[in-house]
Amino acid sequence: MYSRRKWLEFYRKLGFLLYSIAAVDRHVAPAERTTLKKEIQTNWLDLEDTADPFGSDAAFQMEAIFDWLDDADYAPDSAFNEFEAFVKENPDFIASSLKERILLSANRIAFAFHGNNKKELTLLYQLEQLLNGSKKSV
């Protein structure tokens, strides 16, 4: 079982990842933002019950980070690197079932706005390679 702090960090870093995919073409489309909100509701809220410091489900940290990065016009490659560092520093945290959720959400965001482009496909490939380096199964 992982600590509340570790789950909060994970959701925040996942926000970095999902932003990097949406913004890789240097524009976050409304459809990508809508897809993020839907993903949180359908794919992440039921994962576990950690709350953030405000008492909300910690999964909502993904949206807060995503919005903050978009407002700051954060570099997508730097955002991806944040998630990559988390995975490499916490290889045992990313179980097979978690990998599936991550890839599902990443793909849905990539396809949300007119399918995906070459930059998104490249980033999705890098993500899959990164997650395949973490072999823990549940």
Side-chain angles (χ1 to χ4, degrees):
M1 191 67 158
Y2 292 98
S3 70
R4 174 183 169 275
R5 174 179 275 172
K6 186 58 66 182
W7 280 107
L8 280 168
E9 181 183 9
F10 167 72
Y11 288 124
R12 290 173 180 151
K13 298 304 182 184
L14 190 55
F16 276 87
L17 170 68
L18 299 177
Y19 167 79
S20 74
I21 292 167
V24 72
D25 57 1
R26 298 311 248 161
H27 172 73
V28 176
E32 292 167 320
R33 193 176 298 281
T34 299
T35 300
L36 170 69
K37 291 178 182 192
K38 185 176 179 182
E39 280 302 298
I40 292 168
Q41 292 292 324
T42 61
N43 200 24
W44 294 102
L45 288 179
D46 68 343
L47 179 61
E48 51 81 50
D49 61 357
T50 299
D52 68 16
F54 305 104
S56 297
D57 193 295
F60 288 113
Q61 288 293 308
M62 289 185 286
E63 183 178 2
I65 293 295
F66 186 103
D67 290 345
W68 175 76
L69 294 170
D70 191 29
D71 289 345
D73 197 29
Y74 199 81
D77 56 335
S78 296
F80 185 87
N81 292 342
E82 287 284 332
F83 182 77
E84 180 178 38
F86 176 83
V87 171
K88 288 181 176 180
E89 291 168 10
N90 301 279
D92 291 337
F93 188 85
I94 310 293
S96 293
S97 59
L98 203 52
K99 288 179 195 178
E100 291 172 20
R101 286 179 191 246
I102 293 166
L103 289 169
L104 182 63
S105 291
N107 276 285
R108 285 181 177 159
I109 287 174
F111 280 97
F113 184 67
H114 299 298
N116 55 21
N117 60 41
K118 186 176 180 179
K119 289 180 182 179
E120 289 169 331
L121 287 173
T122 300
L123 204 53
L124 290 171
Y125 176 77
Q126 288 177 304
L127 174 60
E128 194 167 344
Q129 294 302 304
L130 172 65
L131 295 177
N132 284 336
S134 176
K135 300 286 188 203
K136 186 178 179 189
S137 63
V138 172

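Starting from 1, each residue takes its place in the sequence as its number. All values reported here derive from a predicted model rather than from experimental measurement.
We find the CG-OG distance between Leu47 and Ser97 to be 7.5 Å, quoted to the nearest 0.5 Å. Rounding to the nearest 0.5 Å places OG1 of Thr42 at 5.5 Å from CZ of Arg108. The CD atom of Gln129 sits 12.0 Å away from the CG atom of Leu124 when rounded to the nearest 0.5 Å. Within the model, atoms CG of Asn107 and OG1 of Thr35 stand 12.0 Å from one another, a figure rounded to the nearest 0.5 Å.
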Would you tabulate the side-chain donor-acceptor contacts of residues 20-28 under 3.5 Å, counting partners in other chains and residues two or more places apart, or write 'none'?
residue: Ser20; atom: OG; partner: Leu17; partner atom: O; Å: 2.6
residue: Asp25; atom: OD1; partner: His27; partner atom: N; Å: 3.3

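Between Arg12 and Glu9, no side-chain nitrogen of the basic residue sits less than 4.0 Å from a carboxylate oxygen of the acidic one, so the salt-bridge criterion is not met. Electrostatic pairing of Glu84 and Lys88 counts as a salt bridge here, judged by a charged N lying under 4.0 Å from a carboxylate O.
Looking at Leu14 and Trp44, their side chains come closer than 4.5 Å, going by heavy atoms from C-beta outward. You'll find the side chain of Phe83 stays beyond 4.5 Å of the side chain of Leu18, heavy atoms only. Side-chain contact check for Glu89 versus Phe86: every heavy-atom pair is 4.5 Å or farther apart. Annotation: side chain of Leu121 is not in contact with side chain of Tyr125 (no heavy-atom distance under 4.5 Å). Taking the side chain as every heavy atom from C-beta outward, Phe10 and Ile94 approach each other to under 4.5 Å.
Without hydrogens or angle criteria, Glu82 side chain to Ala79 main chain gives no donor-acceptor distance under 3.5 Å. The main-chain N or O of Glu39 is never found under 3.5 Å from a side-chain atom of Asn43 such that the two would form a donor-acceptor pair. Put simply, the side chain of Ser56 never gets that close to the backbone of Asp52: no donor and acceptor are under 3.5 Å apart.
Leu123 and Leu104 fall into different hydrophobic clusters, defined by Ile, Leu, Val, Met, Phe, Trp and Tyr side-chain heavy atoms under 4.5 Å apart, directly or through other members. Linking ILVMFWY residues whenever their side-chain heavy atoms come closer than 4.5 Å, directly or via other members, places Leu130 and Leu103 in the same cluster. Tracing side-chain contacts under 4.5 Å through hydrophobic residues (I, L, V, M, F, W, Y), one reaches Leu131 starting from Tyr2; they form part of the same cluster.
For Arg33, the side chain to side chain donor-acceptor pair (under 3.5 Å) test picks out Asp67, Asp70, with sequence neighbours left out. Every residue was checked against the side chain to side chain donor-acceptor pair (under 3.5 Å) condition with Gln126, not counting sequence neighbours, and none meets it. Checked against side chain to side chain donor-acceptor pair (under 3.5 Å), Asp73 has no partners two or more places apart in sequence or in another chain. Taking Arg4 as the reference, Leu8, Thr50, Pro53 meet the side chain to side chain contact (heavy atoms under 4.5 Å, CB included) condition, with sequence neighbours excluded. For the side chain to side chain donor-acceptor pair (under 3.5 Å) test, residues two or more places apart in sequence or in another chain that qualify with Tyr11 are Glu48.
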Derivation and outcome, side chain to side chain contact (heavy atoms under 4.5 Å, CB included), residues Phe93 and Val87: CA-CA 8 Å; Phe93 188 85; Val87 171; over 6 Å; no
Trace of the side chain to side chain contact (heavy atoms under 4.5 Å, CB included) decision for Tyr19 with Ile65: CA-CA 8 Å; Tyr19 167 79; Ile65 293 295; over 6 Å; no
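By the 6.0 Å and 45° rule, Lys13 stacks over the aromatic ring of Phe16.
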